[in-house]
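Below you'll find the structure, written out as structure tokens, and then a few comments.
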Amino acid sequence: GALVYQYPRRTICKSGTSMRMECQAVGFQATSVAWYRQSPQKTFELIALSTVNSAIKYEQNFTQEKFPISHPNLSFSSMTVLNAYLEDRGLYLCGAEDGNTEVFFGKGTRLTVV
Amino acid sequence: GDQVEQSPSALSLHEGTDSALRCNFTTTMRSVQWFRQNSRGSLISLFYLASGTKENGRLKSAFDSKERRYSTLHIRDAQLEDSGTYFCAAEASNYQLIWGSGTKLIIKP
């Protein structure tokens, strides 16, 4: 079956430092990978959508300078949160699909900034 | 832009009762998924529907096949383990997934 492994599951970083999270797709080709953030007590907001062989599209309020994403092949994507501050804390989720089926999600990376 | 309106925002039920959650879409959607998020934040996929209905145990979901502008999630005979926050997420025509605001469900003994 199709699975998405996301890691780390939890991370704590000091204010102003950076952290990277990764997603690995298994059992299907992740032609599109979307990264979301769920801030405390809120719903999921789209950070950016990455499609292989296309430019990564960032949503308003999110930039490549702050959330650089790599999507080098059909099974892997990573996103870094640069210079993390308190407002960046929350649950980060990657969702991947092959364009023909449902989106499969990782279990999320919970970021705490201290 | 495209929006998903999820209701209710919160719901408290006694064990054994039935309930329904709903997501309305401001435009035609390609598909819808339903999730439950537990207290630890983990997201559990419940249903993926491109049309019609699906049933799994006490849960049943429907996606309006005609205009594709709403979806429902029915919970039958609610149990304590059904507690959590439920989200719908709909795939728009541009393939982007748009999330509802969530329904916080509490099941009381």
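Below, chain A is the first sequence line, B the second, and so on; all start at residue 1. Scope of the values below: all heavy atoms of this structure, side chains included, with no hydrogens, waters or symmetry mates.
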Using the rule that Ile, Leu, Val, Met, Phe, Trp and Tyr join whenever any side-chain heavy atoms are under 4.5 Å apart, tell me whether [X] and [Y] fall into a single cluster.
{"X": "A/Val113", "Y": "A/Tyr92", "value": "yes"}
{"X": "A/Val26", "Y": "A/Tyr7", "value": "yes"}
{"X": "B/Ile75", "Y": "B/Leu49", "value": "yes"}
{"X": "A/Leu46", "Y": "A/Ile69", "value": "no"}

Heavy-atom proximity to chain B below 4.5 Å, by part of [X]:
{"X": "A/Glu45", "result": "neither"}
{"X": "A/Lys42", "result": "backbone"}
{"X": "A/Gln41", "result": "neither"}

>> To check you understand the geometry: which heavy-atom pair defines the closest contact between A/Leu91 and B/Gln37, and what is its length?
In response: CD2-NE2, 3.5 Å
[X] atom [atom1]: more than 12 heavy-atom contacts under 6.0 Å:
{"X": "B/Lys104", "atom1": "NZ", "answer": "no"}
{"X": "A/Gln60", "atom1": "CD", "answer": "no"}
{"X": "A/Arg10", "atom1": "CZ", "answer": "no"}

> So do A/Gln38 and B/Trp99 actually touch side chain to side chain, heavy atoms under 4.5 Å?
Replying inline: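 In short, these two side chains do not touch, never coming nearer than 4.5 Å.
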>> Please classify the contact of B/Ser31 with chain A as side chain, backbone, both or neither, using a heavy-atom distance under 4.5 Å.
In response: neither
> B/Gln96 versus chain A, heavy atoms under 4.5 Å apart: side chain, backbone, both or neither?
Replying inline: side chain
> Short question: side chain of A/Thr43, backbone of B/Gly100 - any donor-acceptor pair under 3.5 Å?
Replying inline: yes
> side-chain contact (heavy atoms from CB on, under 4.5 Å) between A/Phe44 and B/Leu97: does it pass, once the steps are laid out?
Replying inline: CA-CA 10 Å; A/Phe44 295 88; B/Leu97 210 59; over 6 Å; no
